[in-house]
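Report on the following structure.
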Amino acid sequence: MYAQLSILGRSFAIGAAVLSLGACANVDQDAAFGGLKTTLGDRVTQDLAWRQDAASDVAVAAKVNSLVANELGFDSAVQVALLNNRALQASYAEIGIANADLVQAGLLSNPVLDILVRPTTNPSDGSILEFGLAQNVLDLFMRPARQRVAKAEFEKTQNEVAAAVVHTVGEVRAAYVNAIGARNALAVVKEIALASEASWELAQRFHAAGNISDLQLAEEQAMHEDMLVMVDEASLEVDDTVENLSALLNVSADILKLSDRLPELPPNDATMEGAETTALERRLELMAARKNVSAHLEQLKLTTSTRLWQEIELKLDAEGEPDGQWAIGPGLSIALPLFDQGGPAVARAAATLLKADNELRGLESQIRVEVRKAAASVSASRRIAQRYRAAILPLKQDIVRLKQEKYNFMLIGVFDVLVAKREETAAYRGYVEAVRNYWLARAALADAMGGMAVDTTAPATGATP
Amino acid sequence: MNPSRRNFFWSSLTGMASGLGAALIGRQAAAQEPASAPQAPPASSAKGYVPVHTLNGVTLPFVMRDGVKEFHLTAEEIDHEFAPGMTAKCWGYNGRTPGPTIEAVEGDRVRILVTNNLPEHTTIHWHGLLLPSGMDGVGGLSQPHIQPGETFAYEFTLQQHGTHMYHPHADEMVQLAVGMMGMFVIHPKQPEAKPVDRDFVFMIHNWAVHPGTYRPDPSVMQDFDVWTFNSKAFPAIEHLAARTGERIRIRMGNLSMWNHPIHLHGHQFVVTGGDGGRWPEAQWRSDTTEIVGVGQCRAIEFVGIAGDWAIHCHMSHHTMNAMGHEIPNTLGVDQSAMAQKISALLPGYMAMGESGMAEHQDHSGHMPGPKNTLPMMMGRGPFGNLEMGGMFTVVKIRDDQATGDFSDPGWFKNPKGTVAYRVAGPARSKPAVDHSTMDHSKMDHSTMDHSKMDHSKMDHSQN
Ligand SMILES: [Cu+2]
């Protein structure tokens with residue numbers, strides 16, 4: 001009897017210890033979100049906010065409102081998105097999910113209590129009571145390994161969410177550049193239409209004086225109508241791109257205040273030497289992929305170590321006879337690896353690890369390509385923009401001036417000069433497009449490099465004439 | 001012939017050099033003509049003829065060698081000025097286009113040395129002259145081509161008198177288009193029964209020096225940019241000065257691509273000759289306009305009447321400098337309301353031509369035009385703008401112009417009561433041209449200064 005009691009006592013001691021292991025399991029989401037900021041490091045300089053309740057919603061809304069009250073800049077657009085973009089908020093929640101999973105992994109499965117009341121053959125003899133307390137001890141031994149898997153999973157998620165933040169910044173930059181670029185192009189196209197309008201009005205005067213034919217008049221009008229279509233198209237492009245930006249900022253397009261001048265090119269671009277290596281060090285989805293490999297490696301270890309003994313249960317059974325006698329004794333239940341020796345589970349875990357590893361390597365080469373393409377695009381669009389600025393625009397201006405000189409000497413008519421003016425302005429449109437492409441390439445490069453500041457401090461004496 | 005030898009030879013002929021050249025000329029002094037204007041007074045006594053005066057040009061000197069008048073022409077590329085503000089790379093002879101006028105007397109034996117300093121072969125055809133077939137100058141037909149660097153001699157006896165021309169007959173279309181031509185005047189052996197006091201000569205030509213360019217374009221057939229008398233365009237064409245009552249002859253040769261009806265104001269001239277010499281008086285005919293056809297020469301004669309008299313081609317586009325032939329017609333088009341709008345697009349823009357094109361002459365002074373381009377209308381006279389260009393100049397006849405003095409006497413002083421006068425007015429203002437939109441201070445005035453185009457101040461001295 002004493003011995004039985006002592007066994008019972010020890011069993012409860014184990015139970016208490018197990019309970020105490022489980023007792024530290026509160027879930028600190030703020031700390032997990034703070035870890036996201038640490039992960040981002042210098043990749044994003046703006047503030048992040050995870051809006052988990054109504055109070056934080058109100059605070060963030062106030063901040064967003066004050067930001068959009070002014071003309072939106074390159075950086076303030078990013079800031080608004082980081083605070084207000086709902087997809088980002090959804091991905092912040094992913095961190096909460098992973099964090100909960102991590103805490104969950106530290107918990108033991110709960111002990112199982114069986115209670116059985118068994119009547120004796122003679123009902124008057126009363127019943128036999130049986131208690132059984134079972135605890136999966138394999139679970140206890142595997143806890144550290146399981147936590148290692150969960151931690152890797154959590155870190156993977158954190159890196160994935162951080163990568164999503166960086167990509168959202170990239171998308172906002174691109175959307176901002178597209179919107180400003182479209183507004184800039186619209187301003188230029190309106191200038192072109194001014195020239196065709198002047199030409200068309202003049203043509204009507206020439207026609208009224210009897211000096212040009214219906215044919216010439218129709219040609220001038222057709223030209224002007226073509227230009228008006230261009231204005232409508234450019235205007236639609238503005239609506240489209242501003243709506244895209246509005247979607248990312250989660251702010252109505254109606255209240256956005258946007259410039260219609262793209263910033264000029266900065267004097268030079270950073271060297272691309274070692275850029276691929278830097279990108280491989282900084283890209284967060286690459287870190288996530290590495291964590292994914294770690295998680296699958298831990299999972300493989302876990303699966304391998306539990307392949308034979310998938311279930312080991314320690315039990316304490318007590319049986320109370322009708323006469324009040326208790327028989328207490330320990331028990332053990334083990335799944336015998338007769339049919340399933342865990343081979344498929346191990347093979348599955350090994351194959352999954354192989355998959356994760358190849359995804360990691362594939363991502364590395366993809367990132368190298370992204371960096372090279374973005375860098376090539378930055379330098380090509382810079383060359384194109386510079387050719388416009390240094391050669392094409394001055395030449396088109398010269399052509400207008402030289403045609404005007406011919407007009408002054410009655411060698412050509414005013415219509416020819418206005419055509420040259422239209423072509424000069426059309427070249428400005430090409431320039432605006434080139435500058436827009438440059439900034440898009442810069443945003444893509446920053447993104448490919450794992451998040452970088454994009455310097456737009458160059459004077460914004462835009463690309464319009 | 002190497003350059004130094006050629007230089008020596010040429011300078012000796014022109015009489016510009018000292019030493020051996022001067023000595024050479026000294027021996028032949030009797031046969032020398034002054035090489036530059038003003039030419040010597042008519043020395044009909046010494047020569048038996050009145051020497052011709054080539055507008056803006058010279059007469060080619062010669063040396064007598066064994067009884068032969070020896071001339072020397074050098075074909076070469078030159079920088080030619082059509083008028084101040086416009087020059088071009090042309091081809092010519094002895095540094096000029098047209099080449100110097102060759103002047104000789106019926107019966108003379110002449111030897112004409114031709115040195116080719118052009119980049120391609122050439123020849124000279126003596127247009128209208130009676131000569132041996134092998135001296136006719138048609139490359140490939142009459143003679144081998146004169147290759148670059150070669151000197152050929154043409155030698156023949158002048159069997160006729162009259163007004164003639166010389167020009168290449170090798171790559172003729174190109175070489176004519178870039179200025180290779182000259183006059184060849186043969187005086188009759190017997191003094192003319194009705195002698196002239198002044199004998200002017202010039203060549204009529206057209207040039208495609210497109211606005212902003214510096215070389216004649218031989219591909220053009222009709223729409224030429226520059227119309228010239230002796231390769232000069234108004235207002236750079238020399239005025240024809242003479243004295244009242246003098247018998248004046250004007251000889252004209254046409255190697256252009258158009259026929260030109262040349263009209264003289266204030267006189268009834270008689271057409272007295274062509275390539276075939278001075279016609280018998282019975283064939284002379286009165287006229288005021290004479291068409292000088294392509295490849296033709298014409299001589300007109302008249303007795304000078306005091307005044308300033310225009311002489312010009314009567315194809316009105318030929319008395320314009322560079323102009324557009326396909327510009328929209330602005331006549332009667334009210335653009336006033338448009339000026340502001342277009343100026344916003346084209347700073348410095350000025351609406352022109354509503355009431356006519358005369359305003360252009362004033363605008364061209366302050367509105368910059370293409371480089372190397374003469375404004376369409378130019379020239380100022382005592383009463384205002386002449387609004388002319390191209391084939392236009394003035395015959396200035398004065399009571400006191402000294403014999404043999406070809407210098408510009410200035411504008412005519414009209415006797416009282418002989419100038420058209422206003423009997424009603426005042427003048428209506430023209431449709432408003434909005435000057436307010438343009439800032440004249442920003443215009444480049446340096447390219448065209450009216451004052452420098454003033455006739456009376458023009459320096460006609462030969463270069
Ligand atoms: Cu003519």
Side-chain angles (χ1 to χ4, degrees), chain A residues 187-213 215-217 219-220 223-224 227 396-428 464-465, chain B residues 85 210-212 223 225 320-354 356-361 363-378 389 431 438 443-444 447-448:
Chain A
V188 176
V189 169
K190 281 180 175 168
E191 289 253 334
I192 303 176
L194 276 184
S196 67
E197 183 184 274
S199 209
W200 158 229
E201 279 186 36
L202 266 178
Q204 291 171 75
R205 290 167 182 274
F206 274 78
H207 188 259
N211 295 16
I212 67 171
S213 65
L215 169 63
Q216 289 164 296
L217 185 69
E219 283 170 346
E220 281 296 332
M223 174 59 70
H224 181 48
M227 293 303 139
K396 295 282 180 181
Q397 283 168 353
D398 278 354
I399 289 168
V400 171
R401 178 179 58 78
L402 293 168
K403 289 224 166 168
Q404 220 172 326
E405 287 183 358
K406 289 189 84 172
Y407 167 80
N408 288 346
F409 271 33
M410 290 196 163
L411 299 165
I412 57 172
V414 63
F415 297 105
D416 282 349
V417 188
L418 286 170
V419 166
K421 183 65 192 177
R422 223 162 55 207
E423 284 168 358
E424 180 202 335
T425 317
Y428 272 109
T464 47
Chain B
H210 308 304
D223 284 342
D225 304 291
M320 292 286 107
N321 289 323
M323 60 179 282
H325 297 286
E326 279 163 28
I327 58 173
N329 180 5
T330 51
L331 203 57
V333 180
D334 174 15
Q335 304 174 58
S336 51
M338 296 292 302
Q340 208 78 39
K341 196 168 205 165
I342 299 178
S343 295
L345 293 165
L346 305 171
Y349 168 80
M350 178 184 279
M352 289 188 289
E354 179 185 352
M357 292 194 185
E359 59 178 315
H360 169 73
Q361 183 169 347
H363 295 331
S364 62
H366 56 70
M367 295 172 71
K371 285 181 186 168
N372 203 38
T373 304
L374 300 174
M376 182 172 82
M377 297 176 179
M378 299 179 77
M438 56 177 305
M443 294 293 165
D444 180 5
T447 54
M448 193 53 61

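Each chain gets a letter, A, B and so on, in the order the sequences are listed, and its residues count up from 1. Quantities reported herein were computed from a predicted structural model and do not represent experimental measurements.
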Quick check on the interface: out of A:Lys421, A:Glu405, A:Arg205, A:Lys403, who has the most heavy-atom pairs with chain B under 4.5 Å?
A:Glu405
For chain A, which of B:Asn321, B:Ile342, B:Thr330 has the most heavy-atom pairs under 4.5 Å?
B:Thr330
Would the distance check show the side chain of A:Gln404 and the main-chain N or O of B:Pro368 forming a donor-acceptor pair, the cut-off being under 3.5 Å?
no
Relative to chain B, which segment of A:Leu194 carries a heavy atom at a distance below 4.5 Å: side chain, backbone, both, or neither?
both
Below 4.5 Å, heavy atoms only, C-beta onward: do B:Leu346 and A:Leu418 meet side chain to side chain?
yes
Looking only at atom types and distance, does a side-chain atom of A:Asn408 sit under 3.5 Å from a main-chain N or O of B:Gly369, one as donor and one as acceptor?
no
Which one, A:Val400, A:Leu402, A:Val414, leads in non-hydrogen pairs under 4.5 Å with chain B?
A:Val414
Is a donor on one side and an acceptor on the other found under 3.5 Å between the side chain of B:Asn329 and the backbone of A:Asn211?
no
I want to check something: taking the side chain as every heavy atom from C-beta on, are B:Pro211 and A:Phe409 in contact at a cut-off of under 4.5 Å?
no
Minimum side-chain heavy-atom gap B:Gln335-A:Leu202 below 4.5 Å:
yes
Of the backbone (N, CA, C, O) and the side chain (C-beta and beyond), which part of A:Glu197 lies under 4.5 Å from a heavy atom of chain B, both, or neither?
side chain
For atom NZ of B:Lys341, is the number of surrounding heavy atoms from other residues, nucleotides or ligands below 6.0 Å larger than 12?
yes
